[in-house]
Amino acid sequence: MLESETQRFAFRNAIARLIETCKNTTELKQIHAQIIASPKLAKRDHEFLISRLLYFSAISIPRFLSYAISVFQRIQSPDLGIYNIMIRAYATKRERDCDTLSCPALKLFKQMLSNGIAPDSLTIPFLVKECTRRFDVGSGRCLHGLGIKSGHCGDIFVQNSLTSFYSTCGWVDSARNLFDEMCDRDVVSWNSMITGYLKGGNLDEALRLFRSMKNKNAISWNSIITGFVHGCRTKDAFDLFREMLCLSEDDNNMVKPDKITIATVLSACAHVGAFDQGKWVHSFLTRTGMECDMVIGTALVDMYGKCGYLRQALDVFEEMPEKDTLAWTAMISVLALHGHCKKAFEAFEKMEAEGVKPNHITFVGLLSACAHSGSVERGRQCFELMTKAYLIEPQVHHYACMVDILSRAGLLQEAEKLVRGMPLKPDVFVWGALLGGCQIHGDVKLGERAAKCLIDLEPLNHAFYVNLCDIYAKAGRFEDVKRVRALMKEKEIRKEVAGCSLIEVDGTVHEFSVTGSAEIVTKQIAWILNALNGEIKLKDDMNWVQYYILEIQ
DNA sequence: GATTAACACA
């Protein structure tokens with residue numbers, strides 16, 4: 001008896017291991033049939049194996065989900081564990097594969113409740129995560145209530161998922177209340193709360209919390225660095241990265257920069273043009289033997305390209321063993337940025353030939369290549385290709401590119417027709433492209449119309465008034481210039497965000513802006529000029545350094 | 001049977 005029990009157990013475990021090796025649904029089906037037909041298995045083994053099968057097909061290999069669903073539908077009375085697997089599977093599924101209108105995870109949960117099965121402290125975090133992803137504040141709050149009623153809100157996973165939910169959905173105060181009420185907080189609780197402040201733009205409170213944290217992990221560092229990059233405090237982000245690096249040199253410190261840190265820092269370098277810093281990160285990768293995967297490869301292409309180094313971007317790209325849509329898109333966008341329209345399209349053809357599907361951003365890259373090179377016909381063909389062959393619904397920025405192409409080429413009437421006829425509400429980029437065209441080609445009437453729409457959209461944006469003034473000035477209509485200037489004064493329109501520049505010297509990024517005190521600005525500029533001195537050969541008639549020195553004194 | 005937090009292309 002005991003021996004047969006042992007044999008049965010071994011047989012069961014062998015099948016369980018076999019499930020993990022399945023490569024396709026045919027193999028899954030064969031094992032499934034064996035489970036159903038085998039006389040050696042007891043009822044509880046059968047249940048165990050079906051749940052293993054379900055777990056493997058629903059969670060481990062997401063593309064087997066449809067098979068998991070068919071298995072699930074055949075289970076007569078699923079228990080809590082089975083429901084948890086399916087709810088989790090739906091909740092972790094990517095948006096694009098998902099039914100966006102209904103929420104299958106919540107539907108299943110309702111079905112579970114109506115079958116008299118109560119959730120546990122695992123069910124709730126899965127569902128809350130789904131609400132977070134969907135920004136579904138209503139359902140998330142209901143789940144919070146349900147958690148309180150069912151006595152699961154003392155569970156740290158439930159609390160953390162709710163903190164993250166409120167943080168991500170912009171309810172930072174609710175997140176903070178929850179956070180403050182928690183008896184025990186772990187690193188996830190702190191990270192979720194910090195992310196909430198970062199997403200809400202309260203960077204200083206995020207930093208304060210970060211500083212008061214005892215056990216930071218790589219995610220804490222990555223979150224704060226990313227938050228500062230997104231909040232345009234690049235210099236602080238670089239300083240934090242350096243601090244992280246210094247700490248990681250200490251062998252007792254387990255926190256080391258990982259791929260996500262690197263990807264974030266590279267994108268920050270790309271954003272501000274910090275080439276030395278970016279190059280240093282690249283050498284850091286080589287030195288530490290960190291694998292240059294697709295994400296980092298893409299970030300490097302983007303960084304070199306945006307910093308003006310096309311050759312290096314191409315080198316990195318060519319060395320990438322695998323290239324996905326994002327990698328190709330980054331390369332195409334970089335070629336476009338450098339004005340190589342033809343090469344951008346050649347890259348696109350290669351991408352198609354390799355069977356990588358373009359997405360809507362790839363077409364933004366291609367269309368901007370056309371805009372930069374004045375290729376009107378090519379732009380039109382590209383738009384057609386996107387909509388007719390790839391069935392990509394054009395978004396506002398595709399229209400903005402098309403309007404840009406047409407208006408730069410002086411086809412202003414056609415551009416306006418496109419704007420008026422587009423199925424989406426034109427945004428500031430669309431009208432802005434038209435206004436830009438009017439500026440180039442001196443079309444006052446259309447410029448006035450475009451400027452009016454822009455001012456309706458963003459009444460306090462100074463740029464549109466300035467552009468309009470420029471059009472009037474070009475046409476010699478100085479009375480109108482005065483009128484617009486007076487209007488700006490009356491409405492108290494000023495440049496909202498002070499102009500700010502970053503300059504890199506010896507690998508350190510220095511930030512200076514016009515809002516600083518005169519003394520600081522002067523000091524900074526004098527310092528920068530000093531740094532530039534010797535690097536630039538001054539021409540007699542263009543002694544701009546001298547000019548600036550005179551200006552600031 | 002299993003849990004929550006961070007990243008790249010416009």
Side-chain angles (χ1 to χ4, degrees), chain A residues 16 47-56 58-60 79-89 91-92 120-129 132 152 155-165 167-168 175 185-196 198-199 216-227 229-230 257-268 270-271 293-303 305-306 323-334 336-337 358-368 395-398 400-401 429:
Chain A
E47 280 171 2
F48 169 79
L49 287 171
I50 292 294
S51 86
R52 292 299 306 158
L53 187 79
L54 204 67
Y55 185 78
F56 178 73
I59 313 271
S60 303
D79 63 7
L80 176 62
I82 298 287
Y83 271 114
N84 276 352
I85 293 175
M86 291 312 290
I87 289 172
R88 184 183 167 201
T92 45
D120 65 0
S121 56
L122 280 104
T123 325
I124 297 171
F126 295 149
L127 288 162
V128 172
K129 191 176 183 174
T132 310
H152 291 300
D155 181 273
I156 195 161
F157 285 97
V158 174
Q159 290 167 330
N160 285 349
S161 68
L162 283 165
T163 309
S164 167
F165 157 75
S167 281
T168 307
R185 298 177 199 97
D186 63 6
V187 66
V188 179
S189 330
W190 283 85
N191 289 350
S192 305
M193 196 58 243
I194 289 171
T195 307
L198 291 169
K199 284 188 178 151
K216 304 176 184 82
N217 63 8
I219 297 180
S220 324
W221 283 96
N222 291 347
S223 306
I224 198 91
I225 293 172
T226 309
V229 170
H230 289 168
D258 61 9
K259 286 178 184 172
I260 292 177
T261 326
I262 299 299
T264 305
V265 172
L266 282 173
S267 97
H271 192 233
D293 67 354
M294 220 147 39
V295 173
I296 294 184
T298 305
L300 280 169
V301 169
D302 183 50
M303 182 275 294
K306 285 193 183 138
K323 292 150 190 158
D324 65 351
T325 305
L326 262 66
W328 279 103
T329 302
M331 193 65 250
I332 289 170
S333 308
V334 164
L337 185 72
N359 66 10
H360 67 281
I361 303 167
T362 320
F363 282 99
V364 174
L366 290 169
L367 289 169
S368 75
Q395 296 183 12
V396 190
H397 41 256
H398 297 116
C401 284
F429 296 102

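By convention in this document, chain letters (A, B, ...) are assigned in the order of the sequence lines, proteins followed by strands, and residues within each chain are numbered from 1. Because the structure is predicted, anything quoted here is derived from the model rather than measured.
- Set against dA6(B), dA10(B), dG1(B), the side chain of Ser333(A) has dA10(B) as its closest nucleotide.
- Comparing atom distances between the Thr298(A) side chain and each of dG1(B), dC9(B), dA5(B) picks out dC9(B) as nearest.
- Distance, Trp328(A) CH2 to dA8(B) C1': 17 Å, rounded to whole Å.
- For Lys259(A), no side-chain nitrogen or oxygen approaches OP1 or OP2 of dA6(B) to under 4.0 Å.
- Base engagement by Asn84(A) is indicated by at least one non-hydrogen atom pair under 4.0 Å involving a base atom.
- In this structure, of dG1(B), dA6(B), dC9(B), it is dC9(B) that holds the atom nearest to the side chain of Asp302(A).
- Per the geometry, CZ belonging to Phe165(A) stands 14 Å off C1' belonging to dT4(B), to the nearest Å.
- Using a 4.0 Å cut-off, no side-chain N or O of Arg88(A) falls inside it from OP1 or OP2 of dA2(B).
- In this structure, the nucleotide among dC9(B), dC7(B), dA2(B) sitting nearest to the side chain of Ala330(A) is dC9(B).
- The closest side-chain donor-acceptor pair between Asn160(A) and Thr163(A), if any, does not fall under 3.5 angstrom.
- Taking atom CG of residue Asn359(A) and atom C1' of nucleotide dA10(B), one finds them 9 Å apart after rounding to whole Å.
- The CD1 atom of Ile85(A) lies 9.0 Å from the CZ atom of Phe126(A); values are rounded to the nearest 0.5 Å.
- Across all strands, Phe363(A) comes closer than 4.0 Å to no nucleic acid atom at all (heavy-atom distances).
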**Message:** side chain to side chain contact (heavy atoms under 4.5 Å, CB included) for Gln159(A) and Leu162(A)? Distances and angles first, verdict last.
**Reply:** CA-CA 5 Å; Gln159(A) 290 167 330; Leu162(A) 283 165; 5.9 Å; no
**Request:** Determine, step by step, whether His230(A) and Leu198(A) satisfy the side chain to side chain contact (heavy atoms under 4.5 Å, CB included) criterion, reporting the C-alpha distance in whole Å, the side-chain angles of both residues, the deciding distance to 0.1 Å, and the verdict.
**Result:** CA-CA 9 Å; His230(A) 289 168; Leu198(A) 291 169; over 6 Å; no
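- Between the side chain of Asn217(A) and the base of dA5(B) there is at least one donor-acceptor pair of N/O atoms closer than 3.5 Å.
- With dA10(B), dC7(B), dA5(B) as the candidates, the nucleotide lying closest to the side chain of Ile260(A) is dC7(B).
- Residue Asp155(A) is classed as having no contact, given no heavy-atom separation below 4.0 Å to the nucleic acid.
- Considering only side-chain atoms of Lys199(A), the nucleotide from dA2(B), dA5(B), dA6(B) that sits closest is dA6(B).
- Taken from CZ in Phe157(A) to CG in Asp186(A), the straight-line distance is 7.5 Å, to the nearest 0.5 Å.
- With dA6(B), dA10(B), dG1(B) as the choices, the nucleotide that has an atom nearest any side-chain atom of Ile219(A) turns out to be dA6(B).
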**Message:** Apply side chain to side chain contact (heavy atoms under 4.5 Å, CB included) to residues Thr298(A) and Asp302(A) and explain how you reach the verdict.
**Reply:** CA-CA 6 Å; Thr298(A) 305; Asp302(A) 183 50; 5.6 Å; no
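- His230(A) comes within 4.0 angstrom of sugar-phosphate atoms only, judged by non-hydrogen atoms across all strands, and of no base.
- Counting only heavy atoms from C-beta on, Val295(A) has its side chain closest to dC7(B) among dA10(B), dC7(B), dA6(B).
- Atom-to-atom, CG of Leu366(A) to C1' of dA10(B) comes out at 12 Å; the value is rounded to the nearest Å.
- Backbone-only engagement by Lys306(A) is indicated by non-hydrogen atom pairs under 4.0 Å involving sugar-phosphate atoms exclusively.
- Between dA10(B), dA2(B), dT4(B), one nucleotide has an atom nearer to the side chain of Ile361(A) than all others, and that is dA10(B).
- One can place CG of Leu198(A) at 14 Å from C1' of dC7(B), the figure rounded to the nearest angstrom.
- Residue ring and base: Phe157(A) counts as stacked with dT3(B) (centre distance below 5.5 Å, interplanar angle below 30°).
- Across all strands, Asp79(A) comes closer than 4.0 Å to base atoms (heavy-atom distances).
- Here dC9(B) presents its P atom at 16 Å from NE2 of His398(A), a figure rounded to the nearest Å.
- To the nearest 0.5 Å, atom NZ of residue Lys259(A) and atom CG of residue Asn222(A) are 13.0 Å apart.
- Protein atom CG of Leu367(A) is 19 Å distant from nucleotide atom P of dC9(B), rounded to whole Å.
- Taking only side-chain nitrogens and oxygens, Lys216(A) never comes nearer than 4.0 Å to OP1 or OP2 of dA5(B).
- Comparing atom distances between the Asn160(A) side chain and each of dA8(B), dT4(B), dT3(B) picks out dT4(B) as nearest.
- Here Ser121(A) lies in heavy-atom contact (under 4.0 Å) with a base.
- Between the CD1 atom of Ile194(A) and the P atom of dC7(B) there is a distance of 14 Å, rounded to whole Å.
- Leu54(A) comes within 4.0 angstrom of nothing in the nucleic acid, heavy atoms only.
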